[in-house]
Undergrad: 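The structure follows.
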Amino acid sequence: TAAVEPVPAPAEPAGPRFEDLVVSTDSVLGLQLETTVSSETARVEDEVVARVTRDVRVGGRVAIPVGSRVRGEVSLVERGGKVRERARLGLRFTSVTLPDGTRVPIDTDTIFRDGDAPGRESAAKIGGGALGGAIIGGIFGGKKGAIIGATTGAGAGTATGLAGGRNPAVFSAGTPVTVRLAQPATITVEER
């Protein structure tokens with residue numbers, strides 16, 4: 001009788017091996033916005049989308065490559081006033097989708113954008129109204145007419161200033177922004 005030697009089972013092909021790269025707190029992401037957001041129309045929690053503009057590296061390895069899509073939300077909307085208060089907008093980012101489709105949660109600091117101060121324009125309208133009223137009042141009513149005209153003109157200038165538009169805070173599509181991670185993010189990549 002012949003002895004039968006056991007045949008070794010075929011080796012299973014080794015699958016890819018993975019490692020975790022930890023992008024540390026305070027790491028900076030360079031982004032370009034794909035969404036336009038204005039304090040005039042935005043609401044808290046509206047979605048904001050951006051793309052990564054430079055590789056984020058950990059120990060010489062690319063953890064978040066250029067072109068990765070980043071999603072976030074509007075976190076603050078202050079419409080501002082027409083005379084004194086500035087409009088203000090805040091955005092924060094909550095996830096990054098890598099080119100292979102992997103979605104990774106992230107937590108960034110909020111970035112802010114302020115609108116222009118409305119005070120100068122309103123002051124110019126009020127002052128211009130007072131000056132115009134004084135000139136017209138002076139022509140028609142002498143000194144007393146100038147005082148009445150200035151007061152009336154200032155009131156009209158104030159009404160014009162209040163009726164004018166606010167200066168919104170705006171993040172336009174295409175705007176480059178830089179955000180910092182508030183918490184570390186773990187990205188799983190294939191080992192080399």
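Excluded from the calculations below are hydrogen atoms, water molecules and symmetry mates; all remaining heavy atoms, backbone and side chain alike, are included.
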Undergrad: For a 4.5 angstrom cut-off between non-hydrogen side-chain atoms, does R79 reach E85?
TA: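 They are not in side-chain contact.
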Undergrad: Checking D55 side chain against R57 main chain: does a donor-acceptor pair fall under 3.5 Å?
TA: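 Side chain of D55 to backbone of R57: no pair is present.
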Undergrad: One thing to verify: whether E78 and R86 come together as a salt bridge, which I'm taking to mean a side-chain N less than 4.0 angstrom from a carboxylate O.
TA: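 No salt bridge links R86 with E78.
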Undergrad: Minimum heavy-atom separation for V58 to A63, with atom names?
TA: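 The pair with the smallest heavy-atom distance is CG2-CB, 4.0 Å.
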Undergrad: Would you indicate whether the side-chain heavy atoms of T175 and V177 approach each other to under 4.5 Å?
TA: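 They are in contact (side-chain heavy atoms under 4.5 Å apart), so the answer is yes.
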Undergrad: Do V74 and V49 land in one hydrophobic cluster if side-chain heavy atoms of ILVMFWY residues count as linked below 4.5 Å?
TA: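 Per the 4.5 Å side-chain linkage, V74 and V49 are not co-clustered.
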Undergrad: Between Q32 and G174 (side chain of the first, backbone of the second, donor and acceptor by atom type, cut-off under 3.5 Å), is there such a pair?
TA: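 Yes, the answer is positive, given that a donor and an acceptor are paired below the 3.5 Å cut-off.
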Undergrad: Determine whether V52 and I64 satisfy the following criterion, side-chain contact (heavy atoms from CB on, under 4.5 Å), listing intermediate values before the conclusion.
TA: CA-CA 8 Å; V52 174; I64 304 173; 3.9 Å; yes
Undergrad: Any chain of hydrophobic side-chain contacts (each under 4.5 Å) joining V23 to I111?
TA: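 The answer is yes; both residues are in one hydrophobic cluster.
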Undergrad: Just verifying a value: how many Å separate F93 CZ and D107 CG, rounded to the nearest 0.5 Å?
TA: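 Taking CZ in F93 and CG in D107, the distance rounds to 12.5 Å.
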Undergrad: Does atom CD of E191 have more than 12 heavy-atom neighbours, drawn from other residues, nucleotides or ligands, at distances under 6.0 Å?
TA: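 More than 12 heavy atoms, drawn from other residues, nucleotides or ligands, come within 6.0 Å of this atom.
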Undergrad: Apply the side chain to side chain contact (heavy atoms under 4.5 Å, CB included) test between S68 and each candidate in V104, L98, I187; give the one that qualifies.
TA: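 Single pass found, and it is L98.
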Undergrad: Is R103 reaching over with its side chain to a backbone N or O of S95, donor-acceptor style, under 3.5 angstrom?
TA: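 Looks like no, no N/O pair under 3.5 Å.
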Undergrad: Any idea which heavy atoms bring T25 and P184 closest together, and the distance?
TA: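 Looks like OG1-CD, 3.0 Å.
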Undergrad: Is it the case that the side chain of S39 and the backbone of A169 share a donor-acceptor pair, with hydrogens and angles ignored and the cut-off at 3.5 Å?
TA: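 The answer is yes, because a donor-acceptor pair under 3.5 Å joins these two groups.
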Undergrad: Would you say that S75 contacts L91 through its side chain, given a criterion of any heavy-atom pair below 4.5 Å between the two side chains?
TA: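 No - every pair of side-chain heavy atoms lies 4.5 Å or more apart.
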Undergrad: Is there a donor-acceptor contact under 3.5 Å linking the side chains of S27 and S24?
TA: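 Yes, side-chain donor-acceptor contact under 3.5 Å.
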Undergrad: Does a side-chain heavy-atom distance below 4.5 Å link L31 with V179?
TA: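 With C-beta onward as the side chain, the pair touches.
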Undergrad: Whether R92 and E73 form a salt bridge (side-chain N of Lys/Arg under 4.0 Å from carboxylate O of Asp/Glu) is what I want to check.
TA: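 R92 and E73: salt-bridged.
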Undergrad: Any pair with a residue in residues 180-190 that passes side chain to side chain donor-acceptor pair (under 3.5 Å), sequence neighbours left out, goes on the list, sorted by first then second residue, please.
TA: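 Those involving residues 180-190 are D20-T188, D26-R180, D109-R180.
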Undergrad: Go through E47 and T35 one step at a time and tell me if the side-chain contact (heavy atoms from CB on, under 4.5 Å) criterion holds.
TA: CA-CA 8 Å; E47 184 180 53; T35 308; over 6 Å; no
Undergrad: Taking R43 for its side chain and D46 for its backbone only, find out whether a donor-acceptor pair lies under 3.5 Å.
TA: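 A pair under 3.5 Å: no.
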Undergrad: Taking a hydrophobic cluster as the set of Ile, Leu, Val, Met, Phe, Trp and Tyr residues connected by side-chain heavy atoms closer than 4.5 Å, whether directly or through intermediates, do V170 and V48 fall within one such cluster?
TA: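 In one cluster: no.
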Undergrad: L21 and F18: same hydrophobic cluster, using ILVMFWY side-chain contacts below 4.5 Å?
TA: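 They do not share one cluster, since no chain of ILVMFWY contacts under 4.5 Å joins L21 to F18.
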Undergrad: Taking the side chain as everything from C-beta on, heavy atoms only, tell me whether F171 gets closer than 4.5 Å to T36.
TA: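 No, too far: nothing below the 4.5 Å cut-off.
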Undergrad: For L76 and L89, run side-chain contact (heavy atoms from CB on, under 4.5 Å): C-alpha distance rounded to whole Å, both residues' side-chain angles, the deciding distance at 0.1 Å, then the answer.
TA: CA-CA 5 Å; L76 173 77; L89 247 162; over 6 Å; no
Undergrad: Would you kindly confirm whether V96 and V62 end up in one hydrophobic cluster when ILVMFWY residues are joined by side chain heavy atoms under 4.5 Å apart?
TA: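 Unlinked, V96 and V62 end up in two clusters.
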Undergrad: Distance to the ring centre below 6.0 angstrom and angle to the axis at most 45 degrees; does that hold for R88 and F112?
TA: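 Output yes; distance and angle both within limits.
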Undergrad: Decide yes or no for I106 and L29: does some side-chain heavy atom of the first lie under 4.5 Å from some side-chain heavy atom of the second?
TA: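 Yes, at least one pair of side-chain atoms sits under 4.5 Å.
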